[in-house]
Each structure stands twice: as structure tokens, then as C-alpha cells.
Amino acid sequence: MNYNKELAKIFFSMANYLEMDEASFRSNAYRKVAGVLEMLDKDVKDVYSKGGLKSLEEIEGVGKNIALKIEEFLKTKKVKDFDRLKKKVPIKLDEIIAIEGMGVKKAKVLYEKLKIKNVKDLEKAAKKHKIALLEGFGEKTEKNILEGIAFLKRSSGRFLLGEATFITKDILRKLENLKEVEKLNVAGSFRRRKETIGDIDILVVSKKPEKVMDFFVGMDNVAKVWGKGSTKSSIRTEEGIDVDLRVVPAKSFGSALQYFTGSKEHNIVTRRIAIDKGLKLNEYGVFKGKKMIAGKTEEDVYKAIGLNWIPPEMRENQGEVVKKIPKIVELGDIKGDLHCHSDWDGGDNAISVIARRAIEKGYEYIGISDHTQFLKIENGLNEKELLEQKKEIEKLNKKFKIKILWGCESNILPDGSIDISDDVLKQMDYVIAGVHSSLKMKEKEMTKRIITAMKNPNVDIIAHPTGRILQKRDEYNVDFDEILKAAKENNVILEINSSPYRLDLKDSNIKKAKEMGVKMIIGTDAHHIQQLDLMKFGVSQARRGWAEKKDIINTQPLVKLLKYFK
DNA sequence: GCCGTTTTCGGCCCGACTGTTTTCAGTCG
């Protein structure tokens with residue numbers, strides 16, 4: 001069990017129940033500690049077993065009381081106070097407040113007046129027009145509830161960053177071409193490059209806001225207009241994603257961008273820093289009394305409160321405002337891609353085509369890493385075919401001015417062995433190994449399986465190390481700390497897979513790997529030359545994990561790169 | 001319920017919008 005996650009869920013929920021009775025500061029304390037636990041890079045179970053209650057209290061936001069509740073949960077898998085709260089108001093609160101516009105106060109009233117316990121009850125009552133009759137509610141609220149439920153049914157409510165990218169780029173391009181738009185930037189979780197995003201926030205500066213808004217709500221892919229004003233308009237696109245457009249004053253563009261980029265937690269901390277310095281920070285600027293002292297650019301805003309500008313990917317209140325922040329890796333640092341599939345294993349393009357595209361991208365090297373024989377469904381290559389491929393690559397290397405490396409994406413079999421003989425593996429420039437079968441193993445076995453593969457002297461890189469597929473498949477059951485240790489001991493590189501469906505390693509694991517001194521590589525897993533462009537997703541993921549150029553080996557020139565391979 | 005080079009008590013981020021009211025509570029970001 002992931003105790004951090006389970007406890008975070010319980011404390012979030014407790015915060016919501018407590019908020020019903022206006023115990024807001026207490027509620028906020030629970031909410032805060034839930035957020036801390038969710039992001040914590042240590043296991044509370046380990047913290048407790050090493051230092052007991054005292055150590056738990058060293059965790060931010062954990063005091064005597066909450067430490068006791070953590071202890072209780074570790075021992076009994078229960079938190080009695082939570083059960084008591086649920087018993088008092090026996091409703092599916094989390095489910096109800098997931099609906100846009102519904103909060104705990106409304107949920108409480110609906111339970112007390114109409115005995116509404118879950119979304120099903122809520123939908124029924126709304127359809128019978130029982131809700132509009134209640135004091136404090138009305139026709140509009142009832143309609144919004146039904147629409148909110150319909151939306152939740154249609155989607156999980158969040159979109160993958162990769163899915164949202166095309167739509168966002170399209171809208172930005174359209175707005176950019178509008179002569180009334182002076183300045184323009186995307187904000188929100190999209191700008192922070194979170195793996196999933198809730199909606200898209202766009203800020204513009206314009207002297208003619210009405211014209212911009214008219215254009216915005218009239219775009220050809222608008223399915224629904226939520227609202228249109230002179231400072232803010234909201235639409236839903238045909239793809240089902242909500243987009244907010246805000247017009248802000250030029251002198252406040254930087255502070256608005258800072259504010260709407262978030263994250264919420266980052267903003268809370270930056271605002272507190274402002275207060276400590278006798279200043280006030282909001283979306284309009286930084287103020288000393290009534291006097292505005294910054295706001296035009298983000299750099300000015302951060303400087304005014306005594307901070308250096310912070311890359312958006314790092315704005316998650318993970319220490320970025322208190323620690324000295326490193327210079328994180330950039331897309332321009334990348335010198336090559338070593339996770340590419342050619343038409344040898346059923347990919348779309350010949351090696352020569354891939355090489356040409358890599359040259360266009362300005363790469364110094366490109367690695368071909370086709371699947372190997374165990375993966376029949378992907379046309380995996382056997383030893384004989386790999387050796388033929390070697391000859392082909394040698395030929396092409398004489399023709400092309402880019403270095404083509406000969407690798408493979410081999411399979412880690414359930415016992416940890418590789419599906420290609422060591423004799424062939426050791427001839428290759430590099431070897432990627434990944435788990436592609438028997439995904440449901442127990443944690444101990446899966447961890448042992450991967451570590452066994454890492455100990456193979458021919459294995460250089462572990463592909464998509466935790467195996468997750470976003471919104472579809474959880475990570476394998478694996479002890480990631482053990483994987484890190486083994487990676488360090490055996491000089492094995494962990495991949496950051498750039499596929500927007502994977503983004504594996506995730507940000508927090510990248511941060512851990514970096515702290516352990518484990519090297520990483522960013523690969524696209526491209527099956528088509530267009531997918532070589534996915535590199536930017538892997539890079540932003542690496543940035544969210546604070547990775548520097550030196551942590552990512554495919555930022556290194558060829559000679560240095562080869563030294564990392566065993 | 002947590003936290004503390006001003007505090008072990010008295011604070012806890014802040015503004016806008018929505019839908020409901022007729023001055024505001026609830027929700028959101």
C-alpha cells in the first residue's frame with residue numbers, strides 16, 4: 001500500500017467534512033498536510049519506523065494530532081475520527097464536490113433538506129426540479145449541476161498535456177495573428193507542463209478587448225460559450241476542453257502571468273514572502289502600500305519580492321522559493337535521441353529517413369532501438385536480424401554525417417533475463433531493456449526482475465522504468481528506491497520516456513534519481529519520424545524533476561555519451 | 001490543527017465571479 005497517497009486522500013476528505021461546519025482553519029490544516037503527503041519524497045511508513053511520532057512531526061504540517069492519526073492508520077489501516085465524520089454526514093462528499101460549482105456547503109444543505117447522498121441522488125433531484133426550490137439555490141444552479149454531471153460522465157475532467165497541446169497551439173496561433181492582440185501567453189498547468197491539465201488559460205494584452213473576445217468566442221472549434229465579458233471569456237472546444245481567455249493591462253501582464261501560472265501552492269508561498277517584506281502581491285502587481293512597484297514582467301515581480309525568476313515547471317512549492325534553484329535542462333541541450341524504432345520492427349520509417357530527420361533537428365547522433373524477438377506483436381528482431389541491421393547501419397554511417405548508433409529495446413523476461421544473447425548484446429553500441437510482459441507481478445518479484453536485468457553487464461538503459469500509461473494503467477508494483485540503488489551501483493541509466501501517454505519517469509522520481517546521482521536519458525520512443533518531436537515533452541518532464549544538463553546523458557557530445565555505456 | 005529570530009497565543013493568501021440575493025455566501029483558481 002502507498003501510505004502517503006492513502007493518508008493524503010483521507011486527510012483531504014477530512015478537510016472537506018470539517019469545512020461543512022466552518023472549522024475552516026482546522027480544515028485547512030488537514031488540506032495542507034494532505035498536499036504535503038502527496039508530494040513527500042519519503043515514505044511515511046519508513047519515517048515512522050525509523051523515528052516514531054517525533055519524526056512524523058518533523059514533516060511539514062504534521063503536529064501532535066495528525067502524527068497520532070498517521071500512526072493509527074499505519075497500525076490499524078483506519079482513522080477513527082474520519083469514520084466518525086463520515087458517519088455524521090453519510091454522503092459521498094468527494095464525488096459530489098467533483099461537480100463544477102458544487103462545494104461542501106451546498107452538499108451539506110442538499111443532504112439535510114433532500115437527503116442527497118451521492119451524484120445519483122443529486123441528478124434525480126435536479127431532474128425533478130427539487131433543487132431550484134431550496135433557499136439559496138435557483139434555476140441556474142440546478143441547470144449547472146446537471147451540466148456538470150454530464151461533463152464528468154463524458155470525461156475524467158482532465159486532459160493529457162499532449163492532447164491539449166495541439167488545441168492550445170492552434171488557439172495561440174489564431175490569437176497571435178489578430179492585430180488587436182499586443183501580447184499573449186499561455187498560463188496555468190499547461191505552462192507548468194503538468195502531465196495532465198484541467199483547462200487552458202490564456203492571457204492577452206489588448207487595447208480593444210471586445211474585438212478579441214468576439215473573435216475568441218467565434219472561433220470555428222468553439223462548441224459552447226460559458227461566458228463572455230471584456231476581461232474574461234470562457235469556452236469549451238469541440239474536443240471538450242475548456243479554455244479561459246483573459247485580457248489584462250500591459251502594466252500587470254507579468255503579475256497576471258505569474259498569478260495565473262500558479263501553482264496555487266506556489267502562489268500561496270510567494271504571497272506570504274511578499275507579506276513578510278511588507279508588500280502585497282496579487283494578479284495586478286506587487287504593491288508597497290498603494291504604490292505599485294512591479295508587475296510588467298514576471299522577472300520584475302519575482303525580483304520585487306527578493307527572488308530570481310523561477311521556471312514555470314518548477315512552480316509546485318517543492319522548495320523552489322527557498323532553495324537555490326539549479327539551471328535546469330533545456331530542449332536545446334539535447335544532442336540526440338536513442339529511443340527510436342525503424343521499419344525493421346514495424347516502425348514507419350527506414351533508418352536512412354530517420355537519420356535525415358535527425359540531421360534536420362541538428363542532432364549529433366541518433367540511436368536505433370528496435371524491439372527484440374520476444375515481442376512478436378511488434379515484429380521484434382532476433383539475433384540474426386540484429387546482426388544484419390548492424391551491417392546496414394555501418395553502411396549508412398559511411399554515407400551520413402550524423403552518427404547512427406546501433407541499439408535495441410530488449411525485453412526483460414519475468415526471471416530478469418534478456419531475450420537476446422549476451423554474445424550479440426555486447427557487440428551493440430548500447431542496449432535498452434524494458435518490461436513489456438507479465439506486468440502484474442508482486443512488488444518483490446518485479447523489483448528483483450528489473451534489478452537482475454540491471455546487473456547484466458550489457459544493459460545500459462532501463463526504458464519507461466515504472467511502466468505506467470497515463471489515465472489507463474498504473475505503475476508496475478516496484479520498489480523504486482531499490483531500483484535507484486541498483487541503477488547507481490550498476491551504472492545503469494534510467495529513461496525519461498517522452499511519450500505524452502507515458503511520461504515515465506514521473507517528475508518526483510526524476511527528482512529522486514537526480515538527488516541519488518543516477519543518470520537519466522530522455523528518449524522519444526518514436527515509431528514515426530514526426531514523433532521525434534515529442535522530445536519536448538520529455539524535456540519539460542525532466543525540468544519538472546529539476547534535472548540539470550549534467551543529469552541527462554543525451555545532452556553530452558558523442559564521445560562523452562559513449563563513455564556512459566558499459 | 002499547525003506554527004513561531006517579534007509570538008506557546010493568535011494568527012492562518014487573496015481577489016473575482018456566480019447566483020442568489022437586496023448585501024452576501026459559496027466556489028474557484
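Hydrogens, waters and symmetry mates play no part in the numbers below; they use all other heavy atoms, side chains included.
Among the nucleotides dT20(B), dG1(B), dG15(B), the one closest to the side chain of Lys280(A) is dG15(B).
Nucleotides dT21(B) and dG26(B) have their C1' atoms positioned 13 Å apart, rounded to a whole Å. With C1' as the reference atom, dT18(B) and dT22(B) are 16 Å apart, rounded to whole Å. Straight-line distance between the P atoms of dG1(B) and dT6(B): roughly 28 Å, to the nearest whole Å. Here the separation of dC2(B) from dT7(B), taken at their C1' atoms, is 14 Å to the nearest Å. dT8(B) and dC14(B): their C1' atoms are spaced 28 Å apart (whole Å). Of the P atoms belonging to dC28(B) and dT20(B), the separation is 15 Å, rounded to the nearest Å.
With Arg315(A) as the partner, the salt bridge (Lys or Arg N to Asp or Glu O under 4.0 Å) test is satisfied by one option alone out of Glu320(A), Glu265(A), Glu298(A): Glu298(A). For the side chain to side chain donor-acceptor pair (under 3.5 Å) with Glu19(A), the lone residue among Lys108(A), Arg31(A), Arg26(A), Lys105(A) that qualifies is Arg31(A).
Judged by a 6.0 Å distance limit and a 45° cone about the ring axis, Lys69(A) is not positioned over the six-membered ring of Phe73(A).
Within the nucleic acid shown, Lys64(A) comes within 4.0 Å of sugar-phosphate atoms alone, with no base atom in reach, counting heavy atoms only. Within 4.0 Å (heavy atoms only), Val33(A) reaches no atom of the nucleic acid at all. Among the protein residues, Leu68(A) comes within range of no part of the nucleic acid, since none of its heavy atoms lies under 4.0 Å from any strand. As judged by a 4.0 angstrom heavy-atom cut-off over every strand, Asp201(A) is placed among residues making no nucleic acid contact. Backbone-only engagement by Val62(A) is indicated by non-hydrogen atom pairs under 4.0 Å involving sugar-phosphate atoms exclusively. Looking at heavy-atom distances under 4.0 Å, Ile97(A) makes no contact with the nucleic acid at all.
Remark: Ile202(A) CD1 to Leu172(A) CG distance equals 4.5 Å, nearest 0.5 Å. Rounded to the nearest 0.5 angstrom, Glu316(A) CD and Lys264(A) NZ are separated by 13.0 Å.
Residue Phe25(A) and nucleotide dC2(B) are not classified as a stacked aromatic pair, given the requirement of ring centres less than 5.5 Å apart at an interplanar angle below 30°.
Distance CD (Glu57(A)) to C1' (dC3(B)): 12 Å, rounded to an integer number of Å. Between the NZ atom of Lys105(A) and the P atom of dT18(B) there is a distance of 21 Å, given to the nearest Å. Taking atom NZ of Lys143(A) as the reference point, atom P of dT18(B) lies 14 Å away to the nearest angstrom. In this entry the distance linking CG of Asp276(A) with P of dG11(B) reads 16 Å, nearest Å. Between the P atom of dT20(B) and the CE atom of Met102(A) lies a distance of 13 Å, rounded to the nearest Å. To the nearest angstrom, C1' of dG10(B) lies 17 Å from CZ of Arg26(A). Glu147(A) places its CD atom 10 Å from the P atom of dG19(B), with the value rounded to the nearest Å. dC14(B) atom C1' lies 8 Å from atom CD of Glu283(A), rounded to whole Å.
Counted by atom type alone, His464(A) and Glu495(A) present zero donor-acceptor pairs between their side chains at under 3.5 Å. Looking only at atom types and distance, the side chain of Ser13(A) has a donor-acceptor partner in the side chain of Asp94(A) under 3.5 Å away.
Each of Asp244(A) and Lys69(A) has a nearest nucleotide on DNA chain B; the 5'-most of these lies closest to Lys69(A). The residue among Ile268(A) and Gly227(A) whose nearest nucleotide of DNA chain B is located toward the 5' end is Ile268(A).
Asn267(A) has no side-chain polar atom (N or O) that falls below the 4.0 Å cut-off from OP1 or OP2 of dC14(B). Applying the 4.0 Å criterion to OP1 and OP2 of dA16(B), one finds that Thr231(A) has every side-chain N and O outside that range. OP1 or OP2 of dC3(B) has not a single side-chain nitrogen or oxygen of Lys32(A) nearer than 4.0 Å. A close approach under 4.0 Å does not occur between any side-chain nitrogen or oxygen of Asn282(A) and OP1 or OP2 of dC14(B). Contact annotation: Tyr284(A) side-chain N/O to dA16(B) OP1/OP2 distance is under 4.0 Å.
One can find a donor-acceptor pair under 3.5 Å joining the base of dG29(B) and the side-chain atoms of Tyr259(A).
dT8(B) is unpaired under the criterion used here, namely a Watson-Crick or G-U wobble arrangement in which both key atom distances are under 3.5 Å.
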